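No experiment lies behind these values; they were computed from the predicted model shown. Values reported hereafter were calculated over all heavy atoms of this structure, with side chains retained and with hydrogens, waters and symmetry mates removed. In the text below, chain A, chain B and the rest are named by the order of the sequence lines, each starting its count at 1.
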There are 2 protein chains.
Amino acid sequence: MDRRITKKGNDDASGKERPTLKTLAFMTGLGVTTVSRALKDAPEIGAETRRRVQLVAKQIGYRPNRAGVRLRTGKTNVISLVLNTEHELMSFVSDIIYGVTEVIADTPYHLIVTPYSRSQDPLDPVRYLVETGSADGVIISRTQPNDPRARYMLEHGVPFATHGRTDMGLVHPYHDFDNYAFAGEAVRALAAKGRNRLALVTPPVGLTYFRYTVNGFADALSEVGASEVPFNTVSIDHTIEQIRMRTAQLMRRDDRPDGIISSAAAATLAVVAGIEDAGLKLGRDVDVVSKQSSEVLHLFRRELLVVNEDFRLAGSELARAVLGWIAGKEPGSLQSLSKPSEVLPYRG
Amino acid sequence: MDRRITKKGNDDASGKERPTLKTLAFMTGLGVTTVSRALKDAPEIGAETRRRVQLVAKQIGYRPNRAGVRLRTGKTNVISLVLNTEHELMSFVSDIIYGVTEVIADTPYHLIVTPYSRSQDPLDPVRYLVETGSADGVIISRTQPNDPRARYMLEHGVPFATHGRTDMGLVHPYHDFDNYAFAGEAVRALAAKGRNRLALVTPPVGLTYFRYTVNGFADALSEVGASEVPFNTVSIDHTIEQIRMRTAQLMRRDDRPDGIISSAAAATLAVVAGIEDAGLKLGRDVDVVSKQSSEVLHLFRRELLVVNEDFRLAGSELARAVLGWIAGKEPGSLQSLSKPSEVLPYRG
DNA sequence: CCAGTATACTGAAACGTTACAGATTGCCAA
DNA sequence: TTGGCAATCTGTAACGTTTCAGTATACTGG
């Protein structure tokens with residue numbers, strides 16, 4: 001039994017099977033090969049024939065069968081976005097998907113989402129994609145300095161782009177937000193408000209941008225002559241409750257910070273709750289600078305200072321990078337770094 | 001250009017080529033047909049042969065080539081999630097994707113995300129999917145009472161599930177949140193706090209759950225003897241700024257509401273900002289009940305009353321529904337409605 | 001011992017596409 | 001005239017899978 005979804009109620013006049021090259025060949029009186037080549041502007045096809053074929057193809061709405069192409073050429077016309085189901089930020093998932101689809105929209109590419117969970121080796125989904133040849137290009141996030149996934153794909157010649165940089169001496173496309181600059185700007189903004197005992201809610205330990213953030217923080221601290229109040233018990237990967245509780249603990253200590261920098265909006269909500277749990281007031285007892293990817297934090301507490309990170313842009317850049325690599329561009333030329341916005345106070 | 005690693009027949013088992021049925025046939029000394037049938041437990045294959053083939057297949061990690069299957073059978077092993085790039089909630093996108101992938105994880109299905117934008121007819125992406133046979137099943141959101149997409153897929157015999165119900169007298173799988181109950185509970189909770197002039201921030205006009213919400217609101221109003229303060233100038237589709245501004249306008253009027261019900265967390269942030277812009281205080285001058293899909297609102301303002309809607313569950317249910325339909329179950333048996341949680345106050 | 005039949009397996013064809021190796025034509029130089 | 005060559009076009013095979021229509025063997029009942 002053939003399970004294909006063809007129209008059952010074929011009342012729509014003119015028997016409308018999906019047109020194939022054969023259909024086109026029959027209609028134009030040409031051979032299948034000629035039609036195939038005409039559609040892709042091959043030089044050995046006469047100019048008039050080419051135009052004629054393309055016209056007819058457009059008229060009847062010919063669309064190449066993906067399975068046929070894929071079987072024959074190995075080209076899948078698929079980009080896969082690999083996501084961690086526990087730890088990715090909601091805003092990240094949503095925005096990056098839209099960023100990618102925006103770029104992909106007028107190409108033949110489809111976006112497939114390949115998830116993996118905490119329990120799994122992050123290399124698993126990548127290995128699956130490569131082994132089964134399921135995608136022409138891959139986008140990964142939560143990039144590590146020494147990232148086995150990047151190494152693996154490089155070894156197997158699969159085009160990919162990483163959200164975040166690596167540090168393995170290997171060159172590949174990436175898009176990254178300049179978290180070194182972010183942390184630095186944040187420190188300077190707090191220093192400008194007279195804050196000089198600063199704590200940092202870090203990105204997940206182990207990811208590359210953890211390092212950039214920490215380094216930017218440290219360098220700017222000594223630049224402005226402020227000191228760090230260590231806060232290593234949490235990162236933005238922790239739950240809201242954990243961050244809240246530990247922030248409260250921190251803020252009840254005598255040597256509490258008077259400035260906090262947070263690497264993600266969700267964590268910031270918890271941080272502020274923790275500050276208030278400890279009976280302190282934002283803007284008076286402590287200032288907080290936070291990254292955010294959508295304009296929510298100023299609605300939350302207008303005393304917050306924010307820096308915007310555009311995940312939609314990240315998605316677009318990553319998509320462009322993978323497509324570029326697939327198209328044969330130099331991987332080294334497909335790297336981009338986006339600068340943080342100013343540190344923004346509330347503007348009524 | 002042939003992108004494959006080699007093009008020689010792979011009957012020499014030494015190579016690192018991806019194993020195919022031919023490889024398996026060579027290794028077992030059987031015919032390709034027999035191997036194919038053995039792998040799918042066809043009855044006309046001897047028990048021992050079957051076991052042997054399956055063992056070898058497992059050993060060498062055979063995985064059917066998706067393009068081959070798809071070309072031959074038309075089965076894509078793809079579920080497509082159709083999303084609006086402007087109006088979907090961030091939490092919705094993220095959670096529903098994870099819900100779907102959770103269910104799909106141990107099936108051969110892949111999830112592809114098919115976007116469409118404001119400017120496009122929502123039917124476009126669906127038509128594309130159906131015409132090109134790109135998916136075995138489709139999930140759509142932002143469902144309307146009379147939904148052309150549902151009608152179209154029904155006509156074309158394509159399995160799908162909708163997030164939200166329709167009202168066309170046609171039966172199809174869906175998952176919905178009981179917004180009638182939500183609005184009712186919200187009204188009763190506000191009434192219990194002595195609020196009796198209530199406003200509603202509605203879902204987008206035109207979507208089915210707009211009606212359920214409005215009806216639940218209206219019925220409960222007359223049940224508790226409260227009155228409605230019309231607030232038709234915004235819906236949760238409006239921007240944060242618009243909602244904030246119009247809420248402020250509303251709250252500056254003499255006949256302002258003393259209770260507001262909001263259909264989405266993001267809108268609620270704006271509503272609260274608007275309330276405060278008007279110089280009023282949450283919990284004293286006005287109470288707000290809001291739906292949310294993650295625990296953020298109580299961090300935002302502890303005076304808020306919340307009702308939780310689980311989008312991850314929605315994703316799972318929708319995926320289960322489509323897969324069920326594909327597997328031949330009755331569409332009518334694949335409908336589910338999830339009841340709202342209690343109206344929850346802040347619990348320290 | 002034979003036809004009949006159940007059991008276990010098999011080759012060939014087809015899905016739609018592209019690459020390869022021709023095939024046909026017309027034209028020009030020798 | 002002949003051979004060569006450029007310009008166009010074409011048939012066949014192959015990608016990996018499933019289905020159709022078998023084949024070969026062994027076993028059954030009469």
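With sequence neighbours excluded, no residue satisfies salt bridge (charged side-chain N to carboxylate O under 4.0 Å, His left out) with A:D95. For A:E88, there are no salt bridge (charged side-chain N to carboxylate O under 4.0 Å, His left out) partners two or more places apart in sequence or in a different chain. In this view, A:D124 and A:R127 satisfy the salt bridge (charged side-chain N to carboxylate O under 4.0 Å, His left out) rule, not counting sequence neighbours. Applying the salt bridge (charged side-chain N to carboxylate O under 4.0 Å, His left out) rule to A:R70 yields no partners; only residues at least two apart in sequence or on another chain are considered. With sequence neighbours left out, B:F92 forms a ring pair (Phe, Tyr, Trp, His ring centres under 6.0 Å) with B:H163, B:F311.
Within the 4.5 Å cutoff, the side chain of B:R151 has heavy atoms near those of the B:N146 side chain.
If you take CD of B:E48 and P of C:dT7, they are 17 Å apart, rounded to a whole angstrom. For B:R52 and C:dA8, the CZ to P distance is 14 Å, given to the nearest whole Å. A straight line from CZ of A:F26 to C1' of C:dG16 spans 18 Å, rounded to a whole angstrom. Rounded to an integer number of Å, the gap from A:R72 CZ to C:dT17 P is 13 Å. The distance from atom CZ of B:R70 to atom C1' of C:dG16 is 12 Å, rounded to the nearest whole Å. The NZ-C1' distance, from A:K75 to C:dG16, rounds to 17 Å in whole Å. In this structure, A:L39 atom CG and C:dT17 atom P are separated by 9 Å, rounded to whole Å. Rounded to whole Å, the distance from CG on B:N77 to C1' on D:dG16 is 14 Å.
Side chain of A:T208 to main chain of A:T143: a donor-acceptor pair is present (N/O by atom type, distance under 3.5 Å, no hydrogens or angles).
At the phosphate of D:dT18, OP1 or OP2 sits under 4.0 Å from a side-chain N or O atom of B:S36.
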Residues 103-114 of chain B side chain polar contacts: donor-acceptor under 3.5 Å, at least two apart:
{"residue": "B:T107", "atom": "OG1", "partner": "B:I104", "partner atom": "O", "Å": "2.7"}
{"residue": "B:T107", "atom": "OG1", "partner": "B:Y109", "partner atom": "N", "Å": "3.1"}
{"residue": "B:Y109", "atom": "OH", "partner": "B:K75", "partner atom": "NZ", "Å": "2.6"}
{"residue": "B:H110", "atom": "ND1", "partner": "B:R66", "partner atom": "NH1", "Å": "3.4"}
{"residue": "B:H110", "atom": "NE2", "partner": "A:Y128", "partner atom": "OH", "Å": "2.8"}
{"residue": "B:T114", "atom": "OG1", "partner": "B:S80", "partner atom": "OG", "Å": "2.7"}

Identify each donor-acceptor pair in which a side-chain atom of residues 24-36 of chain B lies under 3.5 Å from a protein atom, sequence neighbours left out, and give them as a table.
{"residue": "B:T28", "atom": "OG1", "partner": "B:L24", "partner atom": "O", "Å": "2.8"}
{"residue": "B:T28", "atom": "OG1", "partner": "B:A25", "partner atom": "O", "Å": "3.3"}
{"residue": "B:T28", "atom": "OG1", "partner": "B:L30", "partner atom": "N", "Å": "3.4"}

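The list of salt bridge (charged side-chain N to carboxylate O under 4.0 Å, His left out) pairs with a residue in residues 314-323 of chain B, not counting sequence neighbours, reads B:E317-B:R320. For residues 51-65 of chain B, the pairs satisfying salt bridge (charged side-chain N to carboxylate O under 4.0 Å, His left out) are A:E131-B:R63, with sequence neighbours left out.
Direction change of the helix axis from one end of the helix from C:dC1-D:dG30 to C:dA30-D:dT1 to the other is 60°, with five pairs defining each end axis (rounded to 10°).
For B:L21, the listed nucleotide lying nearest its side chain is D:dT17; candidates were D:dG16, D:dT17, C:dT18. Of the candidates C:dT18, D:dT18, C:dC15, the closest approach to any side-chain atom of A:K22 belongs to C:dC15.
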Filtered N/O pairs between nucleotides 5-11 of chain D and protein, under 3.5 Å:
{"residue": "D:dC9", "atom": "OP1", "partner": "A:T49", "partner atom": "OG1", "Å": "2.8"}
{"residue": "D:dC9", "atom": "OP2", "partner": "A:G46", "partner atom": "N", "Å": "2.8"}
{"residue": "D:dC9", "atom": "OP2", "partner": "A:T49", "partner atom": "OG1", "Å": "3.2"}
{"residue": "D:dT10", "atom": "OP2", "partner": "A:G31", "partner atom": "N", "Å": "2.7"}
{"residue": "D:dT10", "atom": "OP2", "partner": "A:T34", "partner atom": "OG1", "Å": "2.6"}
{"residue": "D:dG11", "atom": "N7", "partner": "A:T33", "partner atom": "OG1", "Å": "3.2"}
{"residue": "D:dG11", "atom": "O6", "partner": "A:T33", "partner atom": "OG1", "Å": "2.7"}

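Using a 4.0 Å cut-off on heavy atoms, the residues of residues 58-67 of chain A that approach DNA chain C are A:Y62, A:P64, A:N65, listed by number.
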